[in-house]
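See structure below.
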Amino acid sequence: MPELPDVEGFRRVLAEHTGEPIASVSVLDPGVLRGVTARRLRTALRGRRFEEPHRHGKWLLAPAQGPVVLLHFGMTGSLTWHRPDEPRHRHDRVVWKLPDGELRYRDMRKLQGVRLAATAQEADETLETLGPDALNLSRDDLAATLSAHRGRLKTTLTDQAVIAGLGNLLADEICWRARINPLRPARDLTAPDLTTLHRAMRRVLHDSIKAARVPPRRTWLTGARDTPAPTCPRCGTPLESRRLSGRRTVWCPHCQPDGA
DNA sequence: AGACGTACCTGACAGC
DNA sequence: TGCTGTCAGGTACGTC
């Protein structure tokens, strides 16, 4: 599930509960802990308070008066707020108890997980392989970045070392809205293409953040791609689909011509 | 550098 | 009913 908009939603959930003392940390499944033991996570956080959280790409950083919790949500993770008496979900993996309720890190597949950095600097080092956040990318930044890559547009957009935050759905949605074929080499985009692509990226991100997900609206590619015989929401042409290094890529052959 | 395959996990669904 | 294969919005790593 989680791409930039989802993680931005989780960041806002956490931001509503900064400044409240952490009563306890329950690790219900240590399988999600990465490079930290349950004991260390507990002792490092108990009694401290979360401060203003930050997001970079699909990572959520939660500083807690010294140590920093780093959350990545893989394909199925989430962070949600619950009253203490709400029954636990079977995929709740880590729970932070606060005075009036608890934050729950839930993740079915456990493809990513929870880390702990001792300091803000150590947290930053964990993220230093990431490219700039997609939300802070100007049109010219995007142009410069894409012109430096000879790979396919879709692959380049989803490479976290190039741009942080775009996932499989977002990349397809952005290309579709910009009417640019995702299989084109990134560096072959023209100046008008780049302007259009940047506008599409801003618009798709903005709308998705409002919904805290890439919304499967009927007027979006995302709302069409998983239907039985998907057709383009704009022109009705049957959508094309193929696998690109393991990920399904969907586009409209009419609106987004010039494949290969 | 870039494209692929494989691996890490769990669950839903189609088809036999 | 139960099995198998495939797919799912994540990334890392080895190989060509």
Side-chain angles (χ1 to χ4, degrees), chain A residues 1-11 28-35 55-60 70-79 89-94 105-115 126-131 133-135 144-177 182-188 201 204-205 207-209 211-217 220-230 239 241-251 259-260:
Chain A
M1 173 214 277
E3 303 181 57
L4 187 157
D6 310 76
V7 181
E8 180 59 22
F10 304 147
R11 191 192 68 75
L28 308 178
D29 183 347
V32 298
L33 300 184
R34 302 294 143 111
R55 182 194 55 73
H56 187 97
K58 303 172 190 173
W59 286 84
L60 181 58
L70 292 92
L71 301 169
H72 195 296
F73 300 90
M75 291 176 77
T76 51
S78 63
L79 185 73
H89 186 278
R90 61 194 298 213
H91 299 137
D92 287 339
R93 311 296 189 187
V94 180
Y105 175 84
R106 180 176 301 177
D107 189 18
M108 180 181 80
R109 285 175 73 183
K110 299 188 281 188
L111 293 175
Q112 295 293 325
V114 178
R115 292 157 198 267
T126 305
L127 306 190
E128 69 190 5
T129 57
L130 295 178
D133 189 82
L135 213 48
T145 300
L146 294 184
S147 68
H149 291 271
R150 63 183 78 192
R152 299 181 146 111
L153 176 59
K154 161 73 178 283
T155 312
T156 307
L157 289 175
T158 52
D159 184 343
Q160 301 302 295
V162 177
I163 301 170
L166 304 184
N168 199 45
L169 286 188
L170 276 176
D172 283 358
E173 192 69 48
I174 290 165
C175 291
W176 177 77
R177 185 181 280 254
L183 275 57
R184 284 174 58 186
R187 69 169 175 190
D188 286 2
M201 182 177 79
V204 168
L205 284 175
D207 289 354
S208 298
I209 285 170
R213 64 189 295 202
V214 188
R217 291 181 194 143
W220 285 41
L221 182 69
T222 301
R225 61 185 294 153
D226 292 327
T227 56
L239 294 171
S241 164
R242 64 165 276 195
R243 226 155 238 294
L244 226 52
S245 44
R247 316 311 311 279
R248 189 162 75 108
T249 296
V250 177
W251 73 97

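Lettering follows sequence order; numbering is per chain, from 1. Since we're looking at a predicted model, the values are computed, not measured.
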In plain terms, say whether [X] and [Y] are close enough for a salt bridge, that is, a side-chain N and a carboxylate O under 4.0 Å apart.
X	Y	answer
A/Arg106	A/Asp92	yes
A/Asp188	A/Arg150	no
A/Asp159	A/Arg152	no

Next item on the list: Just jot down the ring-ring contact (aromatic ring centres under 6.0 Å, His included) partners of A/Phe73, sequence neighbours excluded, or say none.
Entry: A/Phe10, A/Tyr105
Margin query: I'd like to check the ring-ring contact (aromatic ring centres under 6.0 Å, His included) partners of A/His56; sequence neighbours left out, ordered by chain and number.
Written below: none
Mind checking the [atom1] distance from [N] to [M]? Whole angstroms is fine.
N	M	atom1	result
B/dA1	C/dG10	P	23 Å
B/dC9	C/dC3	P	22 Å
C/dT6	B/dG5	P	13 Å
B/dC4	C/dC7	P	15 Å

Considering only heavy atoms from C-beta outward, does the side chain of [X] approach that of [Y] to under 4.5 Å?
X	Y	result
A/Arg248	A/Arg242	no
A/Lys154	A/Asn168	yes
A/Lys58	A/His72	yes
A/Asp29	A/Lys110	yes
A/Trp220	A/Arg177	yes
A/Thr76	A/Leu111	no
A/Asp107	A/His91	no

All N/O pairs under 3.5 Å across the protein-nucleotides 13-16 of chain B interface:
none

Item checked: Pair pattern of DNA chain C in dot-bracket, where unpaired bases get dots and | marks partners in another strand, Watson-Crick or G-U under 3.5 angstrom -> .|||||||.|||||||
Note to self: Determine whether a donor-acceptor pair (N or O, by modelled atom type, separation under 3.5 Å) exists between the side chain of A/Arg55 and the backbone of A/Gly57.
What the structure shows: yes
Margin query: Using a 4.0 Å heavy-atom cut-off to protein, can you give one letter per nucleotide of nucleotides 1-11 of chain B, 5' to 3': B if the base is in contact, S if only the sugar-phosphate is, - if neither?
Written below: -SSS---BBBS
Checklist line | Residue whose nearest DNA chain C nucleotide is more 5′ - A/Arg225 or A/Thr129 | finding: A/Arg225
Margin query: Regarding A/Asp107, tell me which of base, sugar-phosphate or nothing describes its non-hydrogen contacts under 4.0 Å with the strands shown.
Written below: nothing
Note to self: At a heavy-atom distance below 4.0 Å, which nucleotide of DNA chain C is the first touched by chain A, and which is the last?
What the structure shows: C/dC7 to C/dT11
